Amino acid sequence: MASASASTSTLCSICSQVLVIPSPDSETQTLVDDVCLPCPSAHHFHWECITSHFEHILKTAGVQGLGGAWKCPAAGCEANVGQGQGNDKLLVSVRNEGGFTPNYDLSADVLDAIRSPAERRTELFLSLISQRDWREAETFLIESTEEPGQEEEDGDMKDVEEEENGEAEDEDEGDEEDDEGPLQPVDVNSVTSDGGLTALHLAAFNDDVEAVEMLLRHGARTNIRGAKDGATALEIALQRGAMNAAKLLRG
């Protein structure tokens with residue numbers, strides 16, 4: 001395979017421009033911006049060019065079967081550059097103002113970029129349950145006009161400051177978020193992307209009685225089995241010796 005190091009004359013294999021970007025701190029200076037794919041010819045790309053390309057591919061084809069999505073877009077190449085189990089990872093070499101980073105998993109950035117707001121909220125909800133923050137997690141199960149955790153007084157103070165400074169906007173202009181309507185509640189039975197576990201599974205694993213009680217109040221189902229181990233929340237609690245959670249789950 002060719003070297004992952006690019007000279008200042010190397011061009012992006014998508015836009016055919018030199019692999020630099022303008023510096024935000026200087027109108028005359030530029031910064032290295034080089035992503036090298038692990039294809040036989042080690043083609044180089046701008047970060048924005050290659051990530052936008054793969055984002056478009058996944059938005060068009062969906063995220064199923066990632067192994068087939070990671071193909072080098074350089075003209076005449078089309079080599080499959082996926083790695084890992086199922087070729088679902090995209091390990092690249094990155095050179096920028098921060099230095100050189102080999103084996104950087106670009107797939108994580110691409111997948112995160114194409115997630116919908118609802119998917120992001122679901123992921124955060126499950127993460128909060130896993131971290132035993134059930135109070136904050138519960139706010140995701142209730143319809144709201146603002147992001148969970150956002151203080152109402154913050155918005156009130158902003159309105160007061162804008163009025164004092166004569167910067168208040170016309171009511172009919174509104175905010176983009178207002179146009180989108182209230183935030184829809186997260187499905188309490190949503191599952192993690194890696195193991196197909198519900199929030200109830202995670203709470204049972206932690207023997208988090210308060211989280212289990214809260215989730216059951218919101219309609220969490222106790223008969224859902226994990227995608228990998230096939231266990232229910234009760235079975236996980238018993239396996240972990242989480243007897244307080246198990247008692248609740250037995251009903």
Side-chain angles (χ1 to χ4, degrees), residues 55 58-59 61-67 69 84-90 105 107-152 154-155 177 180-251:
E55 287 170 22
L58 293 183
K59 286 179 180 177
V63 297
Q64 301 299 321
L66 289 178
Q85 185 176 4
N87 289 330
D88 58 344
K89 302 295 183 184
L90 180 58
D105 186 7
S107 63
D109 292 87
V110 174
L111 290 171
D112 185 63
I114 65 173
R115 285 193 182 101
S116 68
E119 290 172 327
R120 293 174 187 271
R121 282 169 50 78
T122 296
E123 183 178 353
L124 183 52
F125 162 70
L126 292 168
S127 176
L128 288 168
I129 291 294
S130 181
Q131 297 168 27
R132 301 173 183 266
D133 192 353
W134 68 268
R135 287 186 176 85
E136 182 68 12
E138 187 174 23
T139 65
F140 284 74
L141 300 175
I142 303 170
E143 186 177 75
S144 173
T145 56
E146 58 186 32
E147 287 293 345
Q150 179 180 350
E151 297 290 339
E152 290 185 7
D154 289 347
E177 293 183 359
E180 296 176 355
L183 296 172
Q184 295 301 310
V186 166
D187 181 357
V188 70
N189 294 307
S190 299
V191 298
T192 58
S193 58
D194 52 352
L197 300 177
T198 66
L200 198 59
H201 283 101
L202 301 175
F205 182 90
N206 289 334
D207 201 18
D208 190 341
V209 173
E210 292 176 310
V212 171
E213 291 177 333
M214 181 273 290
L215 293 168
L216 292 175
R217 284 199 308 272
H218 285 276
R221 291 167 48 197
T222 59
N223 61 343
I224 297 177
R225 296 185 176 276
K228 286 188 175 181
D229 58 13
T232 64
L234 174 58
E235 290 167 346
I236 284 183
L238 293 174
Q239 293 168 9
R240 292 278 297 173
M243 303 315 297
N244 294 320
K247 183 178 179 180
L248 281 174
L249 292 167
R250 281 189 173 120

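A quick note: this is a predicted structure, and the numbers were derived from the prediction, not measured.
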Q: Determine whether Met214 and Arg135 make a side-chain contact, defined as any pair of heavy atoms from C-beta on separated by less than 4.5 Å.
A: no
Q: Would you mind reporting whether Leu197 and Lys228 have side-chain heavy atoms less than 4.5 Å apart?
A: no
Q. Are any non-hydrogen side-chain atoms of Leu238 and Met243 less than 4.5 angstrom apart?
A. yes
(Q) What I want to check is whether the side chains of Ser127 and Gln131 have a donor and an acceptor closer together than 3.5 Å. (A) yes
**Q.** Nearest heavy atoms of Ala137 and Phe125, plus distance in Å
**A.** O-CD1, 3.4 Å
(Q) With heavy-atom distances below 4.5 Å as the criterion, would you say the side chains of Glu235 and Arg225 are in contact? (A) yes
(Q) Once rounded to the nearest 0.5 Å, what's the spacing between atom CG of Asp133 and atom CG of Leu124? (A) 9.5 Å
Q: Compare all side-chain heavy atoms of Glu138 with those of Leu215 and state whether any distance is below 4.5 angstrom.
A: no
Q: May I ask you to test the Ile142-Pro185 pair for a side-chain heavy-atom distance under 4.5 Å?
A: no
Q) For Arg132 and Glu210, what are the C-alpha separation, side-chain angles and deciding distance, and is it a salt bridge (charged side-chain N to carboxylate O under 4.0 Å, His left out)? A) CA-CA 9 Å; Arg132 301 173 183 266; Glu210 292 176 310; over 6 Å; no
Q: Verify side chain to side chain contact (heavy atoms under 4.5 Å, CB included) between Arg115 and Glu123, making sure each step is shown before the conclusion.
A: CA-CA 10 Å; Arg115 285 193 182 101; Glu123 183 178 353; 3.6 Å; yes
Q | From CA spacing to verdict: side chain to side chain contact (heavy atoms under 4.5 Å, CB included), Asp207, Arg240 | A | CA-CA 8 Å; Asp207 201 18; Arg240 292 278 297 173; over 6 Å; no
Q | Atom pair CG (Leu90) and CG (Asp105), whose distance is rounded to the nearest 0.5 Å | A | 7.0 Å
Q: Could you go through the side chain to side chain contact (heavy atoms under 4.5 Å, CB included) check for Asn206 and Ile129 one step at a time?
A: CA-CA 9 Å; Asn206 289 334; Ile129 291 294; 5.9 Å; no
**Q.** Under 3.5 Å: donor-acceptor pair, side chain of Glu119, backbone of Ser116
**A.** yes
Q | Minimal non-hydrogen separation, Leu249 against Ala204, with atom names | A | CD1-CB, 3.9 Å
Q: Working to the nearest 0.5 Å, report the span between NZ of Lys247 and CG of Leu234.
A: 14.0 Å
(Q) Quick one, Val110 and Leu58 - any side-chain contact, counting heavy atoms below 4.5 Å? (A) yes
Q: State whether the side chain of His201 and the backbone N or O of Ala237 hold a donor-acceptor pair below 3.5 Å, judged by distance alone.
A: no
Q | Euclidean distance, Asp208 CG relative to Leu202 CG, rounded to 0.5 Å | A | 10.5 Å
(Q) On a heavy-atom basis, which atom in Leu126 and which in Ser190 lie closest, and how many Å separate them? (A) CD2-O, 3.9 Å
Q | Name of the residue among Ile224, Thr222, Ile236, Asn189 meeting side chain to side chain contact (heavy atoms under 4.5 Å, CB included) with Leu200 | A | Thr222
Q. What are the two closest non-hydrogen atoms of Trp134 and Arg217, and how far apart are they?
A. CZ3-NH2, 4.2 Å
Q | Taking every non-hydrogen atom, the tightest pair across Arg120 and Asp112 | A | NH2-O, 2.5 Å
Q: Measure across Ala245 and Val212 and return the closest heavy-atom pair with its distance rounded to 0.1 Å.
A: CB-CG2, 4.2 Å
